[in-house]
2 protein chains.
Amino acid sequence: MQDVTAPGPHLVRWVNARAVLEVLRRASGVLSVSELMDHTRLTRATVIAVCEDLVQRGWAEEPDVPRGPGPQKGRPARRFAFRADAGAVLGIDLGVAKATVLVADLRGETLAQATSGMPAEAEAQRIDTIAATALRALEACGRSPRDVLAVGAGMAAPVDREGRVVGGQAFWGQFDFGLAEALDERFGWRVLLENDANLAALAEQWRGAARGVEDVAVMLAGERVGAGVLESGRLLRGHGGGFGELAFLSMVDGVGAPAGIAQLAREWGAEAATEGGLGGMPPEEVSAEAVFAAATDGDEAARAVLDRIALVMARVVAILSTVFNPELVVIGGAVADAASRLLPRIRAQLPALTATPARVEVSPLGGRAVTLGAVRRALDDVAARSLEIDLP
Amino acid sequence: MQDVTAPGPHLVRWVNARAVLEVLRRASGVLSVSELMDHTRLTRATVIAVCEDLVQRGWAEEPDVPRGPGPQKGRPARRFAFRADAGAVLGIDLGVAKATVLVADLRGETLAQATSGMPAEAEAQRIDTIAATALRALEACGRSPRDVLAVGAGMAAPVDREGRVVGGQAFWGQFDFGLAEALDERFGWRVLLENDANLAALAEQWRGAARGVEDVAVMLAGERVGAGVLESGRLLRGHGGGFGELAFLSMVDGVGAPAGIAQLAREWGAEAATEGGLGGMPPEEVSAEAVFAAATDGDEAARAVLDRIALVMARVVAILSTVFNPELVVIGGAVADAASRLLPRIRAQLPALTATPARVEVSPLGGRAVTLGAVRRALDDVAARSLEIDLP
DNA sequence: CGACTAAATTTAGAGTCTAAATTAGAGGCT
DNA sequence: AGCCTCTAATTTAGACTCTAAATTTAGTCG
């Protein structure tokens, strides 16, 4: 039998402060006390008390009357605003060959960005590179490392709910190079490690194709295929962070290995080239972009390759539709624009492949999905801890 | 921007009452006020006030001093207990050919059970049969229909979060025969419709193989194969209630249609019989039980059938392991004892089929999983609404 | 019968909220 | 200038809730 937490007399204040802060956070600008009252169902007295609390703690500010234009009636309203600049968060995309760091304010607006190539060698050096990149980005927007309230970081490996890279297999071990501990030690940063497809899902829900959708599967389909799944708006991770892995596709059907769009385009494009298609391009030089370009120019062989890819993707989308029964499947990753050309064909195939076809969209976020999702993850963490955080 | 709810001054009391009630509910018997204080971190004064509230409302009782044996020091403690008999819940398994109704008290102890064959014809008649069965079960334990605080009901169809059977396809339409509305109208019962595999998952988590496990996939593998998935202890439903559907297996690999263990045993058993196996049994007479019995007797052909079935099940378990990454996969359904004979073979196959093999167990609940899960579902609903319910 | 003990009850005090009454600031009108 | 109107801020009174400390109570034990 487990204990149930119990509240002190401050619980009510805590709840109300949270509610007010949440309303302020979501509002784009200043809100008058009366507006706050409408949104929270609290009394004026309470709202004012809470707001003054929040100002005290640094979460809100009361801008000095830059009042709206035109004539106004009545006593001027006190107005409060969320201090989006009270701190900052970092979103990091830990790619295989490079790392990208995004700095955002507490409303999620991007302040700066920095990218570095990643040496594949020593771990210590990788960490140094990432730290340096983060510092560069912070400097670019005039923020101090002490402003950072949370850091989201995404990598192409399963990560469990505690942020551990769970390499049962030794293969994943290389991904766990102690980044979280290192950044905590150096800067005192709270680092939230996450699978990249999961972050992409958060990003789509936040600012992408899945706004307002509660049940969605996001498929990163660039080089490898991986999926992030939201159910009832919640991210699913599974016991070891492997929720949404599609590796089983490799032992299934004609799908082959869980290869992404880019990889398939290269592979099958090269095949087509050896057989004389693609304008006789040398097979070794075939790139994904080249195949798509050729298809646009009307090359028959290239179009055939696209058809094959579309069928594969349709099958993957069908499986996602069936197993997770989402309202929407988003195709994302670095190849989003290519994917949008496959979209009509995928949609056409889908009803034949599943009894519960989801809506299918292509991500409007392109390659930014993972960093944005990392920012979102960090912001969620900050929001959840707001009233426990001592602002710098 | 959405409103955030705000509390009145009663919030604290509400939270505390909830906490105390929860502790009482989980305790097996009486608890002294001091014990309650330990578990809730509340003051004695508060605990007593809350308990008297709860007694007033009918949720708790203060039994008159059937004090423990042996010598005791100090003033006798006031002791309170959850009133498990303050109401009742119903758990219904709506099978294709029969309906089973379970009556349970508010702690989930079974009070009575009744089963009826189901006429496949008119819907009105089906509802009558179910209602009659429920009344029979209630009568058997001396409960009135007015005692019923919630009804859980499971059927082999996708059901969304609002309890609607979502037949995009006409096929599912037949499952939605207005049971919830009818029972509400006749008895004022709150009916919670749910997919049967989902209920099985709840049952396993409650009293089955998945106690204490947060991430689990439960596979009903009797006639058809369906799965219920819990992630972080929460049931996953998806947009239309179809989460965990495995229909895609039909277009995959050598798995064939999503047939269950019993169906495969009959089918392949009959094949084996035509080829002279199974001691020359007439193919039409081959039943699943016969195949299993023959295998136990050492029949080679029957054993071969079992091997084939084990391989199929191993593949399904592997896919569940990969996609949902649970800590545990439970094989349930009416064929649980048969499944336990397949278990070693399934476990042996698994590591070769997935990178994230889950633990595999066979359900100890047998055919009772769905009704038990339905009871659990109803109890959860009651627990969530406790303080809003007016007890009869 | 009194001492001991654990628990119940009482009392005092501090937060929090709402609701109603009062006061404050700005503009408009005569 | 003086008064009116309007909206919002502030003040005041009252009601809950909780905790903590002091006091009383109901048993057991010697």
Side-chain angles (χ1 to χ4, degrees), chain A residues 3-21 23 30-57 60 62-81 387, chain B residues 3-21 23 30-57 60 62-81 387:
Chain A
D3 286 18
V4 181
T5 52
H10 305 293
L11 171 67
V12 177
R13 195 39 162 301
W14 191 87
V15 169
N16 288 340
R18 221 184 146 65
V20 170
L21 183 56
V23 171
V30 251
L31 286 181
S32 74
V33 172
S34 298
E35 288 167 318
L36 253 2
M37 288 167 64
D38 289 343
H39 289 303
T40 58
R41 298 181 191 175
L42 294 170
T43 319
R44 169 163 264 110
T46 307
V47 170
I48 290 178
V50 167
C51 282
E52 283 173 347
D53 253 32
L54 292 175
V55 170
Q56 194 66 30
R57 290 157 166 272
E62 188 176 3
D64 5 330
V65 289
R67 305 191 56 196
Q72 290 162 30
K73 293 181 175 180
R75 177 173 177 169
R78 290 180 70 173
R79 278 132 75 246
F80 294 88
L387 298 179
Chain B
D3 286 17
V4 181
T5 51
H10 305 293
L11 171 67
V12 176
R13 195 39 163 298
W14 190 88
V15 169
N16 288 341
R18 221 184 148 65
V20 170
L21 183 54
V23 172
V30 249
L31 285 182
S32 74
V33 173
S34 298
E35 287 167 319
L36 254 1
M37 289 168 63
D38 289 345
H39 289 304
T40 58
R41 298 181 192 177
L42 293 170
T43 319
R44 167 163 265 110
T46 307
V47 169
I48 290 178
V50 167
C51 282
E52 283 171 348
D53 252 32
L54 291 175
V55 170
Q56 193 65 32
R57 290 157 168 273
E62 188 176 1
D64 5 333
V65 289
R67 308 192 55 196
Q72 289 163 31
K73 293 180 176 179
R75 176 172 176 169
R78 291 180 70 172
R79 278 131 76 247
F80 294 89
L387 297 179

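A note on names: the letters A, B, ... follow the listed sequences, proteins ahead of strands, and every chain is numbered from 1. Below, each value reflects all heavy atoms present in this structure, side chains not excepted, and no hydrogens, waters or symmetry copies.
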Those residues that, when tested against Ser32(B), pass side-chain hydrogen bond (donor to acceptor under 3.5 Å, both in side chains) (two or more places apart)
Glu35(B)

Residues that Ser34(A) engages under side-chain hydrogen bond (donor to acceptor under 3.5 Å, both in side chains), provided they are two or more places apart
Arg44(A)

Which listed nucleotide ([options]) is nearest to the side chain of [X]?
X: Lys73(A); options: dT7(D), dT19(D), dC17(C); result: dT7(D)
X: His10(A); options: dT7(D), dT16(C), dT18(C); result: dT16(C)
X: Asn16(A); options: dC17(C), dA9(D), dC18(D); result: dC17(C)
X: Ala77(B); options: dA8(C), dT19(D), dC17(C); result: dA8(C)
X: Val12(B); options: dA9(D), dT19(D), dC18(D); result: dC18(D)

Identify, with sequence neighbours excluded, every residue that meets side chain to side chain contact (heavy atoms under 4.5 Å, CB included) alongside Ala49(B).
Arg13(B)

Considering heavy-atom distances to DNA chain C, does Ala45(B) or Ser34(B) have its closest nucleotide positioned more toward the 5' end?
Ser34(B)

Would the distance check show the side chain of Arg18(A) and the main-chain N or O of Leu387(A) forming a donor-acceptor pair, the cut-off being under 3.5 Å?
no

End-to-end axis angle, where each axis spans five pairs of the helix from dC1(C)-dG30(D) to dT30(C)-dA1(D), to 10°
30°

Kindly write out the residues that satisfy salt bridge (Lys or Arg N to Asp or Glu O under 4.0 Å) with Arg78(A), not counting sequence neighbours, or none if the list is empty.
Glu52(A), Glu62(A)

Show each protein N/O and nucleotides 23-26 of chain D N/O combination with a separation under 3.5 Å, one pair to a line.
residue : atom : partner  : partner atom : Å
dT25(D) : O4'  : Arg75(B) : NH1          : 3.3
dT25(D) : O2   : Arg75(B) : NH1          : 3.2

